[in-house]
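Fair warning: this is a prediction, and the values are worked out from it, not measured in the lab. Residue numbering restarts at 1 for every chain, and letters A, B, ... go by the order of the sequence lines. Every heavy atom of this structure was used, including side-chain atoms; hydrogens, water molecules and symmetry mates were not.
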Amino acid sequence: MSLLKLALKGGASMEIQQYLERLNEDKEFEGGLLSGLCEETPQELHNNIIRSVEYDGRAKKERMKKLLKSVAAVFILVFALSTARGFLEIGGSAKKTAENVVLSGANQKQDSQEKQSVISQDSTMDEKNLSKKTVRTYKIYTSNNEAVNFLNLNAKVIDEGTYAVDISFEEAFRKLAGNNQSYFESTELLENLPDDREYFIVEVEK
Amino acid sequence: MEERDLILRCQSRDENAFESLISTYEAKIYNLCFYTLKNREDAMDATQEASIKIYRYINSFRGNSSISTWIYRITYNTCMDYIKKRKINIVSYEEVVNVEDNISSKVEAIVEKKELKDKIKECILKLNSEHRTIILLRDINGLSYQEIADILNIEMGTVKSRISRAREALKNELVKIGIKGGG
């Protein structure tokens with residue numbers, strides 16, 4: 001027994017001797033020459049490893065179970081709460097329906113009032129927008145190109161051949177009627193005038 | 001091929017397959033833990049922690065590296081975490097030997113109280129963590145530069161220079177206790 005041991009020891013020592021020699025050579029050399037220095041593993045190591053792995057596996061399962069239980073509990077709680085809330089909402093909605101009936105009547109009344117008010121406002125606006133003014137108009141019969149050019153440059157076109165000019169009566173005559181002095185004066189209701197100023201409305205006849 | 005099959009079975013949560021896999025690697029895991037933590041009890045705890053991690057994350061093993069590299073990497077990271085979390089006081093090898101004397105072979109102790117390999121082990125355990133780990137991976141476990149680079153997540157050039165520095169440091173420690181080249 002001791003001989004075998006010594007022989008084994010001798011083998012290990014050979015490698016170690018080789019290692020020490022190479023170490024002094026200051027060169028790179030192969031690995032594994034100190035394999036004899038491996039620590040013997042404790043006898044109980046293997047069983048301990050297997051036990052710890054099994055224990056870890058069980059602990060993991062337990063953790064999973066606990067986690068699942070917690071998730072299930074939360075799910076049940078949420079479900080219960082939402083159901084209870086649903087019941088409350090159903091009760092609440094019935095109450096709300098009754099309130100809504102009363103409210104809708106009131107609202108309808110208010111709505112109709114509002115609508116009427118809007119309509120009346122609109123009509124006022126329409127009246128305003130569509131307001132017609134009584135304007136003194138002068139119909140000038142002219143073929144005078146100068147007069148037409150003047151109107152095109154300075155007057156606001158109301159309709160084809162009808163212009164609104166912001167000039168005095170005399171000036172209008174001087175510039176527009178020319179020598180013809182032929183005009184027809186009338187009073188008309190005209191609409192869509194540019195603004196509230198008084199205009200000299202001229203109709204040109206060719 | 002057989003190992004790949006074993007891994008596939010482990011990935012499908014076959015406990016027997018995992019037991020076979022861990023039987024193959026538990027000594028290597030334990031050794032890395034022991035040489036990193038310099039303490040048998042801590043090495044035992046860290047080995048268990050690493051084994052649990054291997055079992056938990058075996059599904060994330062995609063075969064980009066060898067299974068041994070993957071296991072070594074998990075073990076090394078576990079040891080680093082172990083040191084950070086527990087702030088373990090890394091005791092000297094003499095203390096370890098004194099405490100654990102009864103566990104190690106008594107016959108060997110009778111034949112030669114401190115034989116050569118124990119002295120070298122003592123010198124390795126005196127090195128800093130970086131040098132200890134790389135001596136273990138290269139000179140004790142005989143891993144390639146590439147495997148070491150993958151495990152420690154460093155460049156291959158860094159592995160070579162670190163091995164060189166670690167061996168130089170070991171040589172200095174051996175000289176201190178009177179061991180020179182040639183025995």
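- Rounded to the nearest 0.5 Å, atoms CG (A:N24) and CZ (B:R167) are 12.5 Å apart.
- Taking every heavy atom of both residues into account, A:Y19 and B:D139 meet most closely at OH-OD2, 2.6 Å.
- In this structure, no portion of B:L143 lies under 4.5 Å from any heavy atom of chain A.
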Kindly list each side-chain donor-acceptor pair under 3.5 angstrom involving residues 54-68 of chain A, sequence neighbours excluded, with atom names and distances?
| unit_1 | atom_1 | unit_2 | atom_2 | d |
| --- | --- | --- | --- | --- |
| A:D56 | OD1 | B:R56 | NH2 | 2.6 |
| A:D56 | OD2 | B:R56 | NE | 3.0 |

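- The closest donor-acceptor contact from the side chain of B:N31 to the backbone of A:E39 lies under 3.5 Å.
- Counted within 6.0 Å of CD on A:E30, heavy atoms from surrounding residues, nucleotides or ligands total more than 12; the atom is thus considered enclosed.
- For the pair A:C38 and B:I140, the tightest heavy-atom approach, listed with the atom from each and the gap, is SG-CG2, 3.6 Å.
- Proximity to chain A (any heavy atom under 4.5 Å) is restricted, for B:K160, to the side chain, taken from C-beta onward.
- Within a 6.0 Å sphere centred on CZ of B:R13, heavy atoms belonging to other residues, nucleotides or ligands number more than 12.
- Between the OH atom of B:Y55 and the CD1 atom of A:I49 there is a distance of 14.0 Å, given to the nearest 0.5 Å.
- Atom CD of B:E19 sits about 3.5 Å away from atom NE2 of A:H46, to the nearest 0.5 Å.
- Residue B:I135 touches chain A through its side chain alone, counting heavy-atom pairs closer than 4.5 Å.
- Residue B:S164: no heavy atom, backbone or side chain, is found under 4.5 Å from chain A.
- A:T41 approaches B:A27 most closely through the heavy-atom pair CG2-CA, 3.4 Å.
- A:Q43 CD: 12 or fewer foreign heavy atoms inside a 6.0 Å radius.
- Of the two parts of B:E49, neither the backbone nor the side chain holds a non-hydrogen atom closer than 4.5 Å to a non-hydrogen atom of chain A.
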Hey, mind stepping through B:I22 and A:V53 against side-chain contact (heavy atoms from CB on, under 4.5 Å) and telling me if it holds? CA-CA 11 Å; B:I22 216 70; A:V53 167; over 6 Å; no
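- With a 4.5 Å cut-off on non-hydrogen atoms, B:L136 does not touch chain A at all.
- Residues A:P42 and B:R40 are not in side-chain contact: their nearest non-hydrogen atoms beyond the backbone lie 4.5 Å or more apart.
- In this structure, CD1 on A:I50 lies 6.5 Å from OG on B:S23, to the nearest 0.5 angstrom.
- The distance from the CG atom of A:L45 to the CD atom of B:E26 is 5.0 Å, given to the nearest 0.5 Å.
- B:K121 and A:L37 get closest at one heavy-atom pair: CE-O, 3.5 Å.
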